[in-house]
Amino acid sequence: MTDLTPVLSATWDAKESWTLDTYTDHGGYGALKKALGMAPGDLIQAVKDSGLRGRGGAGFPTGMKWGFLPPDDGGPRYLVVNADESEPGTCKDIPFMLSAPHNLIEGVAITSFAIGCNHAFIYLRGEVTHVYRRLLQAVREAYEAGHLGKDIHGSGFDLDVTVHAGAGAYICGEETALLDSLEGRRGQPRLKPPFPAVAGLYARPTVVNNVESVSSVPAIIERGVEWFTAMGTERSKGMGLFSLSGHVERPGQYEAPLGITLRELLDMAGGMRGGKKLKFWTPGGSSTPIFTDEHLDTPLDYESVGAAGSMLGTRALQIFDETTCVVRAVTRWTEFYKHESCGKCTPCREGTYWLTQILKRLEAGRGTGADIQQLLDTCDSILGRSFCALGDGATSSISSAIKYFREEFDAHVEGGCPFDHAASALFAYEPKAIEEAHA
Amino acid sequence: MTYTPETLAQLEADAADIVSRYPVKRSALLPLLHLVQSVDGYVSPDGIAFCATTVELTSAEVSAVATFYTQYKRRPNGEYQVGVCTTALCAIMGGDEIWRQVSEKAGVGHDETTADGKITLERIECNAACDYAPVMMVNWEFFDNMTPDRALRVVDDILEGRDVKPTRGSHKVGTFKETERVLAGFEDGRANEDQGVGDPTLAGLKVAREQGWEEKR
């Protein structure tokens with residue numbers, strides 16, 4: 001049995017948890033004071049030694065990313081926090097910033113000091129008004145308290161932080177698209193290399209880190225590398241937020257060491273809704289191949305999930321029970337990628353369009369046996385053939401669903417959707433019209 | 001541009017504040033587009049011209065950016081942007097049916113505005129609140145754990161001019177224009193408003209406290 005380990009979520013139930021006073025009462029900004037007394041190189045080494053890996057999906061070692069910045073040439077270098085949380089199923093950074101914005105700001109200050117950055121940016125998705133209010137207030141409070149601004153706590157270190165709201169584009173969660181967007185352009189990915197560490201924001205050395213990665217830094221500095229590495233598995237260290245959604249009794253945020261299993265998490269979440277049977281789930285958002293009940297005991301760490309054919313991603317566990325039509329779910333995810341494809345690369349732009357056409361006719365019972373092979377062939381034409389991972393992600397749910405539930409696709413060809421959609425909903429209703437196509 | 005001198009003066013003052021947040025002027029473009037929506041209720045031709053002048057781009061370059069992002073509206077938007085999440089998980093948990101009933105009630109479809117200008121309806125993509133599915137957003141504030149009845153009540157309240165209250169976050173949803181001003185990066189003094197932290201957000205923490213797992217560490 002794995003215990004939960006609330007660190008990032010530890011203060012979320014405190015009174016006015018988002019305010020500076022509450023954060024300070026719980027020891028907040030202690031890590032910043034400690035960090036300002038350390039050499040920046042030692043901070044980078046500590047984060048490397050902690051084994052912290054990017055919490056935004058890719059899992060790249062955070063300390064190594066910081067270490068890739070070229071030597072100081074006297075010009076500016078930037079930290080950009082990716083707070084554009086938009087991957088379907090992913091819902092951890094938004095409640096985190098709503099409840100503990102100062103934890104993020106403390107992480108920003110420490111990270112900036114470590115990498116020699118004097119102007120950091122937090123790129124927040126635009127569709128979360130109250131989160132933006134909380135971040136703007138928290139940044140102002142941090143300036144007033146001397147945690148940001150000139151000569152922070154007498155260290156000689158200056159830092160400005162700008163919180164920037166996006167305007168509705170999933171693709172801006174991709175780090176180079178995010179940088180283009182932050183520069184006031186259409187959010188389209190850049191060809192890599194050069195990587196942002198060499199030529200990022202305004203073509204200057206830039207670190208782009210996820211909210212949860214940056215926010216994990218204060219605890220690592222404060223409590224030490226050994227404390228962090230004691231949690232997790234051999235190569236997936238520390239704790240992380242696991243977001244359970246869908247057909248479970250108590251969906252929500254469960255902060256646990258990496259390597260916990262869905263069986264353990266489900267147990268804590270009260271099991272499946274109404275005792276129904278688990279059918280399929282995503283381990284890390286809609287871009288990660290789906291799992292089934294065969295994978296209930298797969299340790300949720302980078303290596304084990306990878307070995308089982310998927311990706312840990314953002315630990316966004318979308319859980320569906322036996323009432324759910326997998327073709328319907330996959331169709332909706334594919335429509336999402338079609339809608340969000342930025343249009344830059346032909347395989348992704350055209351491929352997601354045609355995948356959607358085929359899936360919609362399959363779901364409506366108008367497909368043919370050849371459509372299933374066509375889906376797989378089209379996925380082959382997209383995977384690995386575009387600048388960024390959006391197109392790749394679009395293929396994940398399709399190919400994995402066909403792998404595990406081929407007979408369900410066949411059934412749609414033979415006689416339309418065999419499922420009662422109303423049975424999957426959380427409320428009772430009388431089905432009326434055929435559900436219209438997604439916009 | 002057809003702005004009155006007073007409006008233009010205010011826009012210029014706000015734009016100067018926005019531009020000052022960035023080392024390179026062009027970075028101000030996204031918040032500037034939010035700012036013009038806070039005045040005009042959409043990205044108007046005047047707004048495009050204003051942004052172009054401010055960041056020294058052509059109006060074609062500004063339009064190219066504005067049309068990339070779904071939050072920038074090309075036609076006058078309703079006072080309340082009502083979005084029903086119909087991405088896979090919310091759709092399956094009931095979002096499809098909520099959408100059907102809300103659309104029927106409001107009498108408009110996706111990206112359409114009611115005749116009285118109150119509501120612009122939208123099928124939205126995942127809004128990062130999946131543990132509260134099915135989710136609806138009004139001017140980008142959270143309406144969690146929706147049912148058709150709850151959603152219809154929100155729509156009724158808006159259509160009949162009553163205030164609407166999110167389930168998490170502020171005490172009252174601001175108008176589309178007021179919201180856009182916040183998204184342009186201007187505080188409105190409402191950050192401390194709170195509806196309480198939702199159960200899903202605290203689900204794991206509650207288990208850990210009950211089990212005494214925190215003390216052990």
Side-chain angles (χ1 to χ4, degrees), chain A residues 3-6 9 12-13 85-86 88-91 94-95 99 119 126-130 132-134 136-137 162 165-170 182-187 202 243-246 250-255 268-269 286 318 324 329 332-333 336 339 424-427 429 433 435 438-439, chain B residues 21-24 26-31 33-34 55 64-65 68-72 86-89 91-94 96-97 100 110 123 125-131 133 137 139-141 147-148 169-170 179 182-183 185 187 190-192 197 199-205 207-208 213-214 217:
Chain A
D3 294 358
L4 294 177
T5 49
S9 58
W12 293 359
D13 60 351
E85 181 166 70
S86 308
T90 308
C91 51
I94 293 301
S99 290
H119 195 160
E127 302 105 320
V128 283
T129 312
H130 211 58
Y132 198 29
R133 288 193 182 104
R134 293 259 165 100
L136 288 170
Q137 170 168 288
T162 299
Y170 165 69
L182 184 51
E183 289 181 2
R185 300 168 196 280
R186 295 165 76 94
Y202 314 127
S243 311
L244 273 65
S245 61
R250 288 189 293 278
Q253 309 301 320
Y254 295 80
E255 191 174 3
M268 295 175 201
S286 60
Q318 305 175 87
T324 313
R332 280 309 165 81
W333 280 323
F336 170 84
H339 185 256
S424 305
L426 284 194
F427 47 82
Y429 70 93
E435 285 153 27
H438 199 224
Chain B
R21 300 172 199 158
Y22 303 93
V24 173
R26 181 166 177 158
S27 281
L29 184 51
L30 266 66
L33 287 163
H34 282 304
V55 297
V65 173
F68 184 83
Y69 299 92
T70 52
Q71 279 184 289
Y72 298 133
T86 53
T87 310
L89 188 121
I92 287 166
M93 307 290 280
D96 275 347
E97 178 63 12
R100 195 189 64 74
H110 171 73
R123 298 172 70 111
E125 301 291 3
C126 187
N127 222 98
C130 316
D131 47 348
M137 305 295 292
N139 288 344
W140 311 114
E141 302 242 28
T147 61
S170 72
T179 303
V182 175
L183 296 183
E187 287 193 78
R190 300 178 58 197
N192 289 332
V197 192
D199 290 341
T201 298
L202 297 179
L205 187 57
V207 172
W213 283 335
E214 304 178 280
R217 282 185 304 107

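Chain A is the first sequence line, chain B the second, and so forth, proteins listed ahead of strands; every chain is numbered from 1.
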Q: Report yes or no: does Q71(B) contribute a side-chain atom to a donor-acceptor pair with the main-chain N or O of G168(A) at less than 3.5 Å?
A: yes
Q: Could you tell me the separation between the OG atom of S99(A) and the CG atom of L202(B), rounded to the nearest 0.5 Å?
A: 7.0 Å
Q) Among V197(B), V207(B), D131(B), who wins on heavy-atom pairs under 4.5 Å with chain A? A) D131(B)
Q) Does G184(A) offer a backbone N or O that forms a donor-acceptor pair with the side chain of R26(B) under 3.5 Å? A) yes
Q. Do the charged groups of R134(A) and E187(B) touch, with an N to O distance under 4.0 Å?
A. no
Q.
Has R250(A) got a side-chain atom pairing as donor or acceptor with P200(B)'s backbone, closer than 3.5 angstrom?
A. no
(Q) Please report the interatomic distance CG(L426(A)) to CD1(I92(B)), rounded to the nearest 0.5 Å. (A) 11.5 Å
(Q) Just verifying a value: how many Å separate T162(A) OG1 and Y22(B) OH, rounded to the nearest 0.5 Å? (A) 6.0 Å
Q) If we only count heavy atoms from C-beta on, is the T87(B) to R332(A) side-chain gap below 4.5 Å? A) no
Q. Under a 4.5 Å heavy-atom cut-off, does chain A meet the side chain of A91(B), its backbone, both or neither?
A. both
Q: Assess whether side chain to side chain contact (heavy atoms under 4.5 Å, CB included) is satisfied between Y132(A) and L183(B), documenting all intermediate values.
A: CA-CA 7 Å; Y132(A) 198 29; L183(B) 296 183; 4.0 Å; yes
Q: Begin from the C-alpha positions of Y202(A) and S27(B) and carry the test side chain to side chain contact (heavy atoms under 4.5 Å, CB included) through to its verdict.
A: CA-CA 10 Å; Y202(A) 314 127; S27(B) 281; 2.5 Å; yes
Q | chain A contact via N139(B) - which portion, at a heavy-atom distance below 4.5 Å | A | backbone
Q) Are Y254(A) and L205(B) side-chain neighbours, meaning at least one heavy-atom pair lies under 4.5 Å? A) no
Q.
Using every non-hydrogen atom in the two residues, find where Y69(B) and R185(A) come nearest and quote the distance to one decimal.
A. OH-O, 2.6 Å
Q | Pairwise distance CG(L29(B)) to CG(L182(A)) - rounded to 0.5 angstrom | A | 11.5 Å
**Q.** Options V55(B), V182(B), D199(B), L33(B), ranked by heavy-atom pairs under 4.5 Å with chain A, top entry
**A.** V182(B)
Q.
Shorter than 4.5 Å, heavy atoms on both sides: which option in M268(A), E183(A), H119(A) has the most such pairs with chain B?
A. E183(A)
Q | Contact winner vs chain B - S286(A), A269(A), G246(A), A329(A), heavy-atom pairs under 4.5 Å | A | G246(A)
Q: Could you look at I94(A) and say if it's the side chain, the backbone, both or neither that has a heavy atom under 4.5 Å from chain B?
A: side chain
(Q) Only pairs of heavy atoms separated by less than 4.5 Å count here; which of A167(A), G252(A), P251(A) has the most with chain B? (A) A167(A)
Q) S243(A) versus chain B, heavy atoms under 4.5 Å apart: side chain, backbone, both or neither? A) neither
Q: Looking only at non-hydrogen atoms, find the nearest pair between A88(B) and W333(A) and report the distance.
A: CB-NE1, 3.3 Å
Q. Is it the side chain or the backbone of M93(B) that comes within 4.5 Å of chain A heavy atoms, both, or neither?
A. both
(Q) Show, in sequence, the C-alpha distance, side-chain angles and deciding distance for S86(A) and E125(B), and conclude whether the side chain to side chain contact (heavy atoms under 4.5 Å, CB included) test is met. (A) CA-CA 8 Å; S86(A) 308; E125(B) 301 291 3; over 6 Å; no
Q: Taking side-chain hydrogen bond (donor to acceptor under 3.5 Å, both in side chains) as the test, write out the residues that go with E255(A), two or more places apart.
A: S9(A)
Q. What's the spacing between C91(A) SG and N127(B) CG if we round to 0.5 Å?
A. 11.0 Å
Q.
What I'd like to find out is whether the side chain of N192(B) reaches to under 4.5 Å of the side chain of Q137(A), using heavy atoms alone.
A. yes
Q. So which heavy atom on G94(B) is nearest to which on A425(A), and how close?
A. CA-CB, 3.9 Å
(Q) As an exercise, state the distance from CD of E127(A) to OG1 of T179(B), rounded to the nearest 0.5 Å. (A) 13.0 Å
Q) For A129(B), is it the side chain, the backbone, both or neither that has a heavy atom under 4.5 Å from a heavy atom of chain A? A) backbone
Q. Quick check: does any side chain N or O of T201(B) sit under 3.5 Å from a backbone N or O of P95(A), one acting as donor and the other as acceptor?
A. no
Q) Quick one: of G166(A), G126(A), G89(A), who has the most non-hydrogen atom pairs under 4.5 Å with chain B? A) G126(A)
